[in-house]
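Chain A is the first sequence line, chain B the second, and so forth, proteins listed ahead of strands; every chain is numbered from 1.
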Amino acid sequence: MTRHSSTMPAMHAPKHKRPNLLGGLARSREATLFAVLIALVAATAAVKPEFLNLQNLRDVLLNVSIIGLLTAGMTVVMLMRHIDLSVASVVGVSAYAVGSLFVMFPQMPVIVAMLAGIGIGLAIGAVNGVLITFGRVPSLVATLSTLYIVRGADYAWVHGGQINATSLPDAFALIATGSLFGVPNLVLIALVVLIALSVYLKQYRGGREHYAIGSNPEAARLAGIRVERRVMIGFLLSGAIAGLAGVLWLARFGTVDASTAKGIELQVVAAAVVGSVAITGGVGTVTGATLGALVLGVINIALVVLRVSPFWQQAIQGALIVAAITLDTLLARSVAKRMMRKRDHG
Amino acid sequence: MTDNKPPRLELRHASKSFGRVRALGDGSLQLWPGEVHALLGENGAGKSTLVKILAGVHQPDSGELLVEGIARRFANPAEARDAGLAVIYQEPTLFADLSIAENIYMGRQPRDGLRRIRYDAMNREVDALLSTLGVNLRAERLVRGLSIADQQVVEIAKALSLNANVLIMDEPTAALSLPEVERLFAIVRALRERDVAILFITHRLDEVFALTQRMTIMRDGVKVFDALTAEMTIDAIVSKMVGRDLDTFYPKADVARGEVRLSVRGLTREGVFKNVSFDVHAGEIVALAGLVGAGRSEVARAIFGIDPVDAGEVKIAGKPLALGKPATAVRAGLALVPEDRRAQGLALELSIARNASLTVLGRLVKHGLISAKSESTLAADWGKRLRLKASDLDAPVGTLSGGNQQKVVLGKWLATNPKVLIIDEPTRGIDVGAKAEVYRTLADLVREGMAVLMISSELPEVLGMADRVLVMHEGRISADIARADANEERVMSAALGASPQALGRAA
Amino acid sequence: AELKSGLKIAFVPKQINNPYEVIADDGGMAAIKEMKGQGKVVGPSDAGASSQVSYINTLITQKQDAVVIAANDANAVVPYLKKAMSQGIKVVTFDSDTAPEGRQIFVNQADSESIGRGQIQLLSKLVGGEGEFAILSATPNATNQNTWIKWMQEELKKPEYAKLKLVKIAYGNDDDQKSFVETQGLLQAYPNLKGIVAPTSVGIAAAARYIQSSPAKGKVAVTGLGTPNQMRAFVKNGTVKAFQLWDPGQLGYLAAFAAANLASGTITGKEGESFDAGKLGKRTVGKSGEVILGPPTTFDSANIDSFNF
Amino acid sequence: MAKPDSALSTTKRRHLQWEAMLVIVLAVSLIGGRVLSPMFLSGANLSNMLADFTEIALIALPMTLIIIAAEIDLSVASVLGASSALMGVLWHMGLPMPLVIAIVLVAGTLAGLLNGLVIVRFNLPSLAVTIGTLALFRGLAYVLLGDQAIADFPASYTAFGIETIAATFLPMPFILVILGAIVFTVLLQATPFGRSLYAIGANPVAAQFSGIDVARTKLRLFMLSGAMAALAGVVYTLRFTSARGDNGEGFELSVIAAVLFGGVSIFGGRGSMIGVLLSLLIIGVLRNALTLADVSSETLTIVTGALLLSSVLIPNLVARWRATREKRLMAQTL
Ligand SMILES: Nc1ncnc2c1ncn2[C@@H]1O[C@H](COP(=O)(O)OP(=O)(O)OP(=O)(O)O)[C@@H](O)[C@H]1O
Ligand SMILES: Nc1ncnc2c1ncn2[C@@H]1O[C@H](COP(=O)(O)OP(=O)(O)OP(=O)(O)O)[C@@H](O)[C@H]1O
Ligand SMILES: [Mg+2]
Ligand SMILES: [Mg+2]
């Protein structure tokens, strides 16, 4: 018997092509999220038509870009059943460090600033990676520790200091204010990174290994995957993205101090979870994660636009997160059930 | 097996220890092209450890590995794979969240000029491969939700797709029923024709004679014997494996049938099983036979309250049982030894004693608090009765060999002193010695008046142990055969149902 | 009366890394240096109600002579400050007060009423006396912001502000990003918005930064309380016409002198007592132990370059 | 066959080793504290030290159980805040204090029930669900109290938060911690409920197949967690005489850090209450001693992270070193 001779016709009876189940499932989850997003925008616009103006869309995209980037980085890590809580601290320290560089070297080219931010992120990502792979420290513990340590170091270094927009060169500010064909540069940068990451995860062997590791670490090892190396790469990616996000944060907000981005790690995890990235690993896409970040971002701004009392905003957001997770899971289950039933009768 | 050529694969005096546990003391093996080679030994003899050394999962503490006569050292499974070794491990090693095709091609997906994965080519090849295996599975289907048998098929497909010249299979048939085993054998024979060297581990000795040409027997981590299969008998093998002769294999005692202990009426779960009704009496072993995927385990799980049912009722010793809560079932006197011991039977990181006491926590309470002493006494008692091979009852149960793990699961349920014991694949993956002990234990239990429902895919065990054989086919009970009338043909034809096409479907 | 030398005076800011607080603390430290005392700044890195308490307790254990605190919560620290006072430690609050029984003196930047009313007066001038406006505050529980907002609402009751309408109080939590997004939301929710009052240095900067890059620049007036260094660029490019603040360094300086005088026994905190506050001259204790730094400065393009803090 | 009453097993030994190490660390930090500051061992200071971690300890007790069962509850600090706000609102409505406290505890339990129901019913990961309820409960706290802070609680109750037991230096609320510690230790180590948590944490499916009602156990755990967080909210409110919506913000990570430092495995199935109690003490002592030595709060943040990290890293590295050494020894004997 030869293996998979592609000339051999399929033996079994059912000739009709079944829909691509894997793709179908993934698509349907993202499709729902997309529908939710559209519904949110539509509902808000119905009450407040001016919600749909260009300026506001720009703002929403700008807001979501940074969280969206972080969420995508978190996705890579979460796919492997890990988590990176240190991202917020990395953003903070990278933003301040790059800002200080601008204070010292006002003529520094923008690309150097980006590389510096990415470099800082890579360094902290490497520490996380080493702790997790070599030190065998569970990622939640390791990154919770680095969250504290990096933020503490940031505090100790910055103390009461502050970088203001005035210290930043105009070329740098252009990242946030400039645009190409009406799309803000910052959004374009985020988009490029997101697409690259998405292609990596879907189209490349290395990307698929992240899924394999999260799905079954033991089996991944047996399949010859170098798990340690891949986990390391995941944390480097997440760190680098957080570093870049720090630079973008600086460009967008102009003012950074010791507590910049404090606490956004939970927002990022929430966005990923809303975006159908499983905390238990193996499931999720960058598209989903980005949609998750968009949904949360739109809710955020919609509540303000709809003049919901600030005291209610957080409660509503929390309730919506819980509802989103629940609905998403129920939907995934019903799809799985349908699939099973089909097989039973197929 | 030409004299001047080196063996395809040779392991010389390999040893391996895990902490203080010496899993392999002196493992040796020669594997020639074009042979199917049986590796035999009791549970814990070190077979899987040897396999993992060959596969590059473990590095031996000492010893030599030669491929085509050249000394090699595999630092990881990828290196072994690249050297032409394909391995089917004892426990399925699949990625539940990925498609079948990706499982098969992980790490070596076909790529285009930009090094991107070519999903279309990959899926096409896998579909072709699956259809040569005669299974109704599609390449793009997720592995999550596949039955154990289907998972095993995917493992086999994975190994075949490697086009390796050494194929190592660690108990590939443990989860398969007869037609699937036959199909696997046909594939293995075809590979042998193509000069592939095959190492085959099993605890079913009839398979050894049906398939293999040579064998290596291990005991306590040491190779004790090798021979041509044609020169051996079952008794000879068993005595080499166990180091002594075994008494009667199926110690079926004739016990007078008592009152009805378990009564199931009209049990239905949409799409899984339909209108299942039967009784099990005290002092009786009722076997539930059928093909893998017939829905037997699902019936057991439903009775025990793990899965919901759509209709039907269950009585334990005449009292109606409220379905849906395992705790209620246990209180009513029901015990279920599940089919997948690692996933369902044991908490692998917890100690043997802790696992054994899990079902009887409530009974260990003295003065409102759990007494650690009665816990370890309990574990020790049952360990002794089942001849558990463990160095330390406080060691994590995951460090035991498969068969010994099964004994812990059995012991933990016998400790509840149940009225009805449902036992799903009681001897899956355990050695002949342990099997004999399980059979003896079952015989003792029914003699003491227990009612036993035994789900089994092994026909000899069904015919040897059961007072009555119920056969399931596609979710319905298709036959109820008394011991006297039970034979292989009757059970198999009932299991296959009327239509012969059913043979083509594994799931 | 002479100040004792070698006095141990500890500053407890709301949050040790808050840039505004750091300027104030530095002012205090400078004062303590002048009087040859031993000063230090200790405090939490988050602004939770309770996080200052363990620092107060520690200061009691260390037997400091005086504690100068900007309270995160008007009540949470009171029992512990009382304990400090019962052990002879003098307590001065500055920037953000506690309940009066929790301290001997409160050094107020300016009296809260005039700050609150002043903000409305300034806004009214900037928007021409009519239109919708919103307040962008710090956290919902920030004591001083809440007091000022209360006085702003008082001032609004006057007939001359009948056309000025407060549409919303938003909270930026003294977080730059949150304040930024809140500003953005305000503009969406209230298309007719004419002004934003942010009585917090973080909020006003964030609001100005958002407005600067949006079409609303020039249409929506931003004012409030902020430091000149932070706001200079916005004043120069016309995003912000005018805003107010006192010198936080002087606030800390005055608080340090109040504490030193209490600890030296020259005053007890009773109304009418007066003390020498170094370069700030003589100051008098007002009603319920309040010492007032002075009216806030209004900064605009004309004067902003003469300030550096 | 094993000797049933054989001395200590390797796993048990490893546990004891960790606890023994914690004891040593505690002793060292106590001595270090005394060296750093002569006031360190004064009654007043010890009293402050113990009072400081009351709420964290109260929440850490049920959190230990939850993490052993391989779940997590990130919403605890928000439940604390919401309880504090509710307490203020009810008190302002004129209800008598005992009734207020009772209602708050019930409400906390209900918050836990909500967590538990969503997690158990839909079989969702608790990390995801409680990130959502973290925002939800904190939001409800703001809905309840808005920008108000309520401070006029009766002195007889606030005294409980502030004073010490009779002539000792033990703060009153510490009684609750001691009681809680005893109850939870017994609950975890010596009752079927506690024992089943280890099994649920190690393998929930096997636990279910063993007749353990996993769903109900988890539900109870989250209710317990909610109730204790509410209790912590009451204590917090009384200790600081201040009901506010933002009370206790960010406590969840401190609690989790303390539990993990105590040797509880984040993957569930492993850990002991003694370890967590020791860990709480060590963190309390260290923070106090360092603050007393005028070490800045940013350094404290770094120390917290380093402690947490070392708690897992050091044993791992030691185990690795041992394994290589053993291997080398074995190679020599061969
Ligand atoms: N990772 C491990 N850590 C500790 N001990 C182990 C480990 N793996 C195997 N062992 C021990 O090594 C011995 C041999 O195990 P192995 O799995 O090779 O047996 P086996 O012959 O495959 O048995 P079975 O037929 O039951 O599968 C057993 O005593 C087992 O408990
Ligand atoms: N983990 C699972 N998830 C979803 N469906 C499953 C799972 N396991 C089995 N099934 C489905 O349930 C049905 C019965 O499966 P199973 O193979 O367990 O039957 P069985 O008769 O108990 O066989 P055996 O006991 O020999 O394994 C099959 O259709 C199978 O595909
Ligand atoms: Mg094996
Ligand atoms: Mg089955």
Task: Residue, of C/V53, C/I16, C/D73, that accumulates the most heavy atom pairs under 4.5 Å with chain D - done: C/D73

Enter the distance from [X]:[atom1] to [Y]:[atom2] here, rounded to the nearest 0.5 Å.
| X | Y | atom1 | atom2 | result |
| --- | --- | --- | --- | --- |
| C/T61 | D/N288 | OG1 | CG | 7.5 Å |
| D/E249 | C/S51 | CD | OG | 11.0 Å |
| C/N75 | D/I150 | CG | CD1 | 10.5 Å |
| D/D294 | C/Q62 | CG | CD | 4.5 Å |
| D/N48 | C/Y80 | CG | OH | 8.5 Å |

Side-chain touch [X]/[Y], heavy atoms, less than 4.5 angstrom:
| X | Y | answer |
| --- | --- | --- |
| C/V42 | D/T291 | no |
| C/S45 | D/S297 | yes |
| C/T58 | D/R287 | no |

Relative to chain C, which segment of [X] carries a heavy atom at a distance below 4.5 Å: side chain, backbone, both, or neither?
| X | answer |
| --- | --- |
| D/E55 | neither |
| D/L145 | neither |
| D/E298 | side chain |

TODO: Decide if atom NZ of C/K8 counts as having more than 12 heavy atoms of other residues, nucleotides or ligands within a radius under 6.0 Å.
DONE: yes

- [ ] Examine whether an atom of C/D46 lies under 4.5 Å from a heavy atom of chain D, and if so say whether it belongs to the side chain, the backbone or both; otherwise answer neither.
- [x] neither

Open item on the list: At a 4.5 Å cut-off on heavy atoms, which part of C/N173 comes close to chain D: side chain, backbone, both, or neither?
Closed with: neither

Task: Interface residue of largest heavy-atom contact number with chain C, from D/N45, D/D52, D/L292, under 4.5 Å - done: D/L292

Open item on the list: Sub-4.5 Å heavy-atom contacts with chain C: which residues of residues 79-91 of chain D show up?
Closed with: none

Open item on the list: With a strict 4.5 Å heavy-atom criterion, list every residue of residues 231-244 of chain D that contacts chain C, or say none.
Closed with: D/Y236, D/R239, D/F240, D/T241, D/S242, D/R244

